[in-house]
Each structure stands twice: as structure tokens, then as C-alpha cells.
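Below is one structure; the comments refer to it alone.
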Amino acid sequence: MIRRTATAASMAGLATFLGASAMAGPDAAAIIRKASAPMKTAKTYQAKWRMVMSMGDMGTMSMDMDMKTTSDGKAYVTTTPVGTPTGMMAMGAAMASTTTVSDGKTVYIYLKGMNAYQKMPAPKDRNPGVKGVLGNIDQKGVTYAYAGTEMVRGKKCHVIKITPPSGQQGPRPGMKQDIRAYVDVNTNHLQQVKTVVTMPMGPGGPNAGAGQSAQPKPMVMTTTMVLIKETLNAPIPPGLFTFTPPKGATEMKGGMMGPGMPGVGGPPVRGPQPPGR
């Protein structure tokens, strides 16, 4: 009788453990590690990403980012506006056509709208372009939580919620980030990254009465990066990583506006600026 009771208790405990494991879902951190590993270890990474930035009533803007990068720090990245921007985001679109070239030692950022370029020391990352795509997804101290599955461009994807380290939500008090990575269930490749930044605004406004200060709605900026295509370890012509200033282009040494290369970080954009990746 005692043996039967012990066996039943053991079976009940095992069932409880298995049930809890099933409810916990897949290992979110393991999914991210598996998705990022091929990109981080590739000798070359070539991809096209579609970036859609929205500020709600303030407007939207889309652009394509074409990347060709190498593991030794060389890169050729272009950003090109697509579609018709709306609202205040239209001002940012005027500055969004860029070419960034890195020979591994120096990074050159060229803005077509200004016919001007800036140069700066190259970062020491093994592959700064890939680091820029991974962004907050793969930084030290973040935590991961499995949030189910969603379809992205016809592909079933794991949805992983990424929480930045404590105290790193943003430079403004009260600023919050909701970051989610979408990983193809079948191929384990990263397909989409969506970042929603909610930024509180200061008191005051047209609806404030005498002696009162109205609290305006927070500003919400959503940036969605969707993978269009990618190739790992394919050869890249070495001449692509040599920057030749276009005719009439001037060098700006005191800082200039432009998104720069992912992983390098460019000077600030004049007007609405998409959150860093």
C-alpha cells in the first residue's frame, strides 16, 4: 500500500513537472542564440531589409536598407526611401538616401540630399553591420520571453519579447521600449524586428486651463524591420569597400545629419529620427 502511494505521488509529480514545462513554451534565449549565430559567424553577410517607421498621426516613412558586410569590418550599406512619406516624417525622408562605406579602418557616410559626406573611425566589432541588425536583440544583459507565434510574409515565426537591462529603457524618464524578434519556425532565421518606443511628453498644452497643466499623450514611435532577402558567405567584390566621393561632394567635419551604418551610429537626423537599431 505504501509503495503504491509513493508510486502514485511520483507519477503525479512527474505529470505536474511535464505540464509546467509545456506551459513554459520553447526556450526563448536558445531561439535567439540559434538565429543570431549564423549571422555573427558568417564571413560575409548580404541582405535587404525593409524599414517602416511610424509616429501615428505625425506620419510614416519607409526605406530599404541594402547591406554587404564582412567579418573583418568592411561594409557597403545603402538606404533608399520607398513609397510616399507622410506628415512630419516626410522631412526625415529627404535625408534618408545614404551610402555608407567602411574599409575596415574608416567609415564614410554620404548623404545624397546634401551631396556631402563625413568620415569617422570604424568600430572594432567583428561585423558591425550584423551587430546593427541584431541591435538590442543580442546585447549583454537582456532577457527573453516566449510570446507565441505569428505569420511574417507567409512564414510562421516564433515571437520573442526582448527586455533591455534594468535602467536601459531610454534616456528620458518614463520612456519604454517594447522589442520583439520574429524567428522563422522552420529555418531558425531572423525575419523581423519590431520596436515600439513610448516617450512621455511634458505637461502643458492648448487644453490646459488656468492654473492647470494638461498632460499630453505620449509619443509612440514604431519601427519595423522586415527581411526581404539575405545571403551568407557569398563573395563580395573588394572594390565595393573603397569610397570615392561623388562629383562636387563636400566633406563635413563638424558633424552632419544622417542615419549612418547600423552598428556605427550616425550623427542625428534633422527632424523626426527613427530609434537606433
Side-chain angles (χ1 to χ4, degrees), residues 45-56 58-70 73-125 127-133 135 171 195 197 199 219 221-226 228 236-277:
Y45 178 77
Q46 302 180 68
K48 179 177 181 179
W49 290 81
R50 171 70 53 83
M51 298 175 59
V52 180
M53 289 150 282
S54 173
M55 295 177 67
M58 297 177 70
T60 61
M61 180 179 83
S62 299
M63 64 182 182
D64 284 346
M65 180 173 67
D66 286 283
M67 307 174 56
K68 299 181 188 301
T69 69
T70 68
K74 298 181 178 65
Y76 181 87
V77 182
T78 62
T79 58
T80 307
V82 295
T84 303
T86 63
M88 292 181 63
M89 294 296 282
M91 293 187 295
M95 303 298 296
S97 183
T98 70
T99 299
T100 302
V101 181
S102 173
D103 58 12
K105 296 180 179 179
T106 305
V107 176
Y108 299 85
I109 304 175
Y110 171 73
L111 271 71
K112 183 178 179 180
M114 297 179 66
N115 196 23
Y117 66 94
Q118 185 184 37
K119 62 181 181 180
M120 63 186 71
K124 296 181 179 180
D125 305 285
N127 192 328
V130 169
K131 180 181 178 182
V133 171
T195 303
V197 176
M199 186 179 301
M219 184 175 71
M221 179 179 288
T222 302
T223 301
T224 305
M225 292 181 60
V226 181
I228 304 300
I236 302 175
L240 200 63
F241 305 122
T242 300
F243 177 73
T244 301
K247 184 178 181 180
T250 58
E251 180 182 354
M252 299 185 70
K253 298 183 179 180
M256 72 179 196
M257 291 67 68
M261 179 176 74
V264 173
V269 175
R270 182 174 294 164
Q273 180 181 357
R277 298 178 298 275

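Considering only heavy atoms from C-beta on, Met120 comes within 4.5 Å of Ile109 through its side chain. Residues Gln46 and Ile236 have side chains in contact (heavy-atom distance under 4.5 Å, counting atoms from C-beta outward). A 4.5 Å side-chain heavy-atom check between Glu251 and Lys119 finds at least one atom pair inside the cut-off. Considering only heavy atoms from C-beta on, Lys74 stays 4.5 Å or farther from Lys68 through its side chain. With a 4.5 Å cut-off on side-chain heavy atoms, Met95 and Lys112 do not count as touching. Contact check for Met58 versus Met89: no side-chain heavy atoms found under the 4.5 Å cut-off.
Scanning all heavy atoms of the two residues, the minimum distance from Ser102 to Gly73 falls at OG-O, 3.0 Å. Nearest heavy-atom pair across Tyr76 and Val101 is CD1-CG2, 3.7 Å. When all heavy atoms are compared, the tightest approach of Ala122 to Val107 is CA-CG2, 3.6 Å. Pro246 approaches Tyr110 most closely through the heavy-atom pair CG-CZ, 3.5 Å.
Panel note: side chain Thr79, backbone Met63; no donor-acceptor pair is recorded below 3.5 Å. Remark: the backbone N or O of Val82 is not paired with any side-chain donor or acceptor of Ser62 at under 3.5 angstrom.
Rounding to the nearest 0.5 angstrom, the gap separating the CD1 atom in Ile228 from the CE atom in Met65 is 11.0 Å. For the atom pair CE (Met55) and CE (Met88), the distance works out to 6.0 Å, reported to the nearest 0.5 Å. Atom-to-atom distance recorded for Leu240:CG and Thr70:OG1 is 10.5 Å, nearest 0.5 angstrom.
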>> Is there a side-chain contact (heavy atoms from CB on, under 4.5 Å) between Met61 and Met51? Walk through the geometry before answering.
In response: CA-CA 8 Å; Met61 180 179 83; Met51 298 175 59; over 6 Å; no
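In terms of the ring-ring contact (aromatic ring centres under 6.0 Å, His included) criterion, residue partners of Phe243 (sequence neighbours excluded) are, by chain and number, Tyr108, Tyr117. For the side chain to side chain contact (heavy atoms under 4.5 Å, CB included) test, residues two or more places apart in sequence or in another chain that qualify with Thr224 are Gln192, Lys194, Thr222, Val226.
Salt bridge Asp64/Lys48: present, at least one basic N to carboxylate O contact under 4.0 Å.
Checking Thr195 against Thr223 by side-chain atom types alone, no donor-acceptor pair falls below 3.5 Å.
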